[in-house]
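Heads up, the thing below is written out as structure tokens.
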Amino acid sequence: MEYKFKEIEDKWQSYWSSHKTFKVDTDPERPKFYVLDMFPYPSGAGLHVGHPLGYIASDIYSRYKRLRGYNVLHPMGYDAFGLPAEQYAIQTGQPPQKTTADNIARYRKQLDKLGFSYDWDREIRTCDPSYYKWTQWAFLKMFQHWFNRESCKAEPIETLTNEFVHNGNRLVRAAHHCQKEFSAEEWLSFTDNEKEDVLMCYRIAYLGETSVNWCEALGTVLANDEVKDGLSVRGGYPVEQKKMKQWQLRVSAYAERLLEGLEDLAWSDSLKEMQRNWIGRSEGAQMDFMVNNGTETFSMTVFTTRADTVFGVTFMVLAPESEWVEKLTVPEKEKEVREYLDYVKTKTERERMTETHRVTGVFTGSYAVNPFTGKQLPVWISEYVMAGYGTGAIMAVPAHDSRDYIFARHFNLPVIPLIEGCDVSHESFDAKDGVMCNSGFLNGMPVEKAIPAAIEEVEKRQLGSRKVNYRLRDAIFSRQRYWGEPFPIYYKDGVARPLPESALPLELPLIDSFRPSGSGEPPLSNAKNWTYEGHPLEKSTMPGFAGSSAYYLRYMDPANAEALVSERDNRYWQDVDLYIGGTEHATGHLIYSRFWNKFLFDLGYVCKDEPFRKLVNQGMIQGRSSFVYRIKNTNTFVTYNLKDKYDTTEIHVDVNLVQNDRLDTDAFKAWNPEYRNADFILENGEYICGSAVEKMSKSMFNVVNPDTICSHYGADTLRMYEMFLGPLEQSKPWDTNGIDGVHRFLKKFWRMFFDKNGTLLVTEETPHGNELKVLHNLIRKVEDDIEHFSFNTTISAFMISINELTDLHCHKRSILEPLVILISPYAPHIAEELWQILGNQPSVANASFPIYNEEYTKEHTMDYPVSFNGKLRFKKTLDLDLTGAQIERFVLEDERTLKYAGGAQIRKVIVIPGKIINIVV
RNA sequence: GCUCGGGUGGUGGAAUAGGUAGACACGCAGGACUUAAAAUCCUGUGGGCAGUAAUGUCCGUACGGGUUCGAUUCCCGUCCCGAGCACCA
């Protein structure tokens, strides 16, 4: 009997689905394990072979953990709100609701074909009102809370107003952006609207004026992680900075906790590093400088990490957007400054980034005073100082900061070296080492001591204080789009007010036109009656990351109408034990979700501070594009190795027309009418294509659809092959060349059970020692590899074991049955079929993982003293290999510590007769 | 520029508390079965040199040093590739 994967896979997929084999429930009797995939955005293009890579890995792990007796939560859903569906709607008029539902149906079909063990009863979709009710609910909670820096957690806004009533805002340590200070009496004298304005500056979800990434082409603002190199990540349109009033989340309040929390997470170092960079903690000092603009004197604050260099400050620089610019520009310089600011404004963010070497700036006419030296310091404005970081103003130390140095040289400002023996004639000396000079009380100190000493002095003289700065900004939370969660906010007298919880979910209304209105209003302005009790509702919607920030909690209790997740289910499932997904979410989703989770933790809705304990980033599968070479102005194509003899154009050709770089010329002619009459110049009678590794995409004609592979080889082969391709974390091009090997292996596996005529070969004989040895070595290997996520090497181990057992002509049930269990996480369908053929109850999921027995793999030893270096005594280990040949090993007689000259400890020396080859130390 | 990864056959990749480098697979070459193809199976396959051959021998894990009885693995320096951040004061 042949291995008929098609029949087998159809049979078991429908069995699993009709029997709800993978349905899970909270079961306090059994240990839980939560394995999560980053849920996909259901795009119109469907899945390509790269998408399932992580899903296969997580499925293997889930199935393995089930066999180990865990109650495994392994859910799937869809991140269904997003830009592509909306843009498609603008182009075609098709409502996103419909296209999204269609795409989901298609995704589901494709996923089902791969044999994943998801509990589909827990499926969620972020665009479903019963789901986004809880996204809105969390937003309301953030609106109603503030962040207390004393307790370092979120607290109800009432505790803050209570504080205001008694003490004003002078004593409270809150994360806020309130400009004014007020006393208790003043607070009480405020009107309701004034009070609301103040409170808005403290809320964790707040409406605030800020410089935002505005994308004209998309008609919306974008978060920092949605912008790369000054272009939008989606679409690649230019992005400019614009001051706008937007909803924001006070993520920056959690900066320190987000940083600390990384410590105990089992994430890759590179990913943690990315988050650390993104949070961008830097320790330093905030210092006040007195400035004078000719008419008045006041203090200006700067942030520096190098307080020790204060004696070398020769000028000050403001960001063009700084609020001090206006105050410090003297009348004579007004025209010049205005011209400079206009010049800066015309530059896009992208230009500002690419022209980093251009030095520009203008003098304000004002001077600051160095508090340590009393020297006059001219105050300049330059675009190299950024408004968003620190205080938007710096003290410039050209001798020890390369940016200040370039600026000083360009505008002929003095440079004062502060480190003994450093040469600043050509470039600045930025390194934090050396001994201080020209620095008053710091002279003679090494830099690492001078930094804290300087800060201490600054504090002593009350010129400023120690300060930790973060690069992490608050998340901009409004999008001027239709296809997202509506805000549970309405406006009364122009003041934002929360909807009552009972009004949730606030459902997204159906509209006719998805375009932003002519006046730049969001699409929701086209909705009829977009009001609450006669008051206008917020018209922007939430960004993509809103729906994905707490979805892992919802899977724990997806149907709950009363709460995001019940306390009982949250206590049981706790957190995600294993999270698998792409590294592209490092500074987006993975920061936001951690923030969101910490916020809910503060409020007591969830029991874990961190949502994802272990995280594995699967690599990207790139496409391998194929090319043909058309001789210019002809319809003749020349093969790869002869192309240099002609003047050719490289053209992408559909990889499905190419096998092992050989082009199917007839299929090529049929592919596109343009090539119907194509001629070919061949080599050895074949047309060889060129190739390149590129991103897998439709436009490169290099997309390989998993459905095609499934119908050719079956899902089990695809699953194993994707794992066999290389380490999970590594990116690699998709290359079908090796898939036959894996497919052959599965056929070979099948043949262990049946002969050519389909007769069952399985016997009830007692297993032989060598057979048990193969089996138990494999058990140990599979267990080890799965725990360490090296799925590729496991498959090699399977291949070796099956070859060995085939050589031993082993068809014994007691060997084959555990083998089927071992392979079931990788190739579940064939395993189920064979499991049933062996006469067991379906399904393998109810079996348990075979137990490794060391006895079977232990080496047989006997005394056989030999000498080595005249000092060591060894035991000979007799070992039979599978062909029955003898391998001799020599093991140190006892565990005494013996030392070589280098001091290494020797435990075991393995010897091949006559020659020492292996000394284990 | 800074940070983090990584450089192993024709290819994907094995092997690191230092111990026979190249497992496993692909590809390629040769062979068996077959009228033929498909499928399946067997053999060989890092390089050089010597030998009819079994085999022997030297060189080999980006490059140059070091530690060690022994280095793909540890240390120092150089080069290259990938990823992330990037006027962050």
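Lettering follows sequence order; numbering is per chain, from 1.
- Across A:Val325 and A:Ala319, no two heavy atoms sit closer than the pair CG2-O, 3.4 Å.
- The separation between A:Asn277 atom CG and B:C4 atom P is 9 Å, rounded to whole Å.
- Note: A:Ile451 CD1 to A:Lys432 NZ = 5.0 Å, rounded to the nearest 0.5 Å.
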Scan nucleotides 40-44 of chain B against the protein and return all N/O pairs shorter than 3.5 Å with their distances rounded to 0.1 Å.
unit_1: B:U40; atom_1: OP1; unit_2: A:Lys747; atom_2: NZ; d: 3.4
unit_1: B:U40; atom_1: O3'; unit_2: A:Arg751; atom_2: NH2; d: 3.4
unit_1: B:C41; atom_1: OP1; unit_2: A:Arg751; atom_2: NH2; d: 3.1

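- Within a 6.0 Å radius of CD in A:Glu584, other residues, nucleotides and ligands contribute more than 12 heavy atoms.
- Under a 4.0 Å N-O distance rule, the pair A:Glu283/A:Lys467 does not qualify as a salt bridge.
- Rounding to whole angstrom units, CZ of residue A:Phe754 and P of B:A39 are separated by 22 Å.
- Look at A:Tyr384 and you won't find any side-chain N or O under 4.0 angstrom from OP1 or OP2 of B:A89.
- Under 4.0 Å is where a charged nitrogen must lie from a carboxylate oxygen, and between A:Arg276 and A:Glu273 at least one such pair does.
- Comparing A:Asn803 and A:Ser790 against RNA chain B, the residue whose closest nucleotide sits nearer the 5' end is A:Ser790.
- Here A:Asn737 does not reach the OP1 or OP2 of B:G12: none of its side-chain N or O atoms lies under 4.0 Å away.
- The aromatic rings of A:Tyr826 and A:Phe791 sit perpendicular, their planes meeting at an angle over 60°, well past the 30° parallel limit.
- In this structure, A:Thr391 and A:Val742 both approach RNA chain B, and ranking their closest nucleotides by distance from the 5' end singles out A:Val742.
- Remark: A:Ser270 is not in phosphate contact with B:U3, judged by side-chain N or O atoms under 4.0 Å from OP1 or OP2.
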The dot-bracket string of RNA chain B, counting Watson-Crick and G-U wobble pairs with both distances under 3.5 Å, using [ ] for crossing pairs and | for pairs to another strand, is (((((((..(((......[....)))((((((.......))))))(((((....)))))..(((((..]....))))))))))))....
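- Salt bridge annotation for A:Lys781-A:Asp785: present, with a cationic side-chain nitrogen under 4.0 angstrom from a carboxylate oxygen.
- Relative ring orientation between A:Trp380 and A:Phe411 is described as tilted, the plane-to-plane angle lying within the 30° to 60° band.
- A close approach under 4.0 Å does occur between a side-chain nitrogen or oxygen of A:Gln730 and OP1 or OP2 of B:G13.
- Protein atom NE2 of A:His743 is 21 Å distant from nucleotide atom P of B:C24, rounded to whole Å.
- More than 12 heavy atoms of other residues, nucleotides or ligands sit less than 6.0 Å from atom CD of A:Glu787.
- Using C1' as the reference atom, B:C63 and B:G7 are 11 Å apart when rounded to the nearest Å.
- Classified by its glycosidic torsion, B:G9 falls in the syn category, the angle being within 90° of 0.
- When the nucleotides B:A89, B:C85, B:A14 are ranked by their closest atom to the side chain of A:Trp278, B:C85 comes out on top.
- Here the straight-line distance linking atom CD of A:Glu383 with atom CD of A:Glu321 works out to 9.5 Å at 0.5 Å rounding.
- Here, B:A62 and B:U73 have their C1' atoms 16 Å apart, quoted to the whole Å.
- For the segment residues 394-402 of chain A, residues with any heavy atom less than 4.0 angstrom from an atom of RNA chain B are, sorted by number, A:Ile394.
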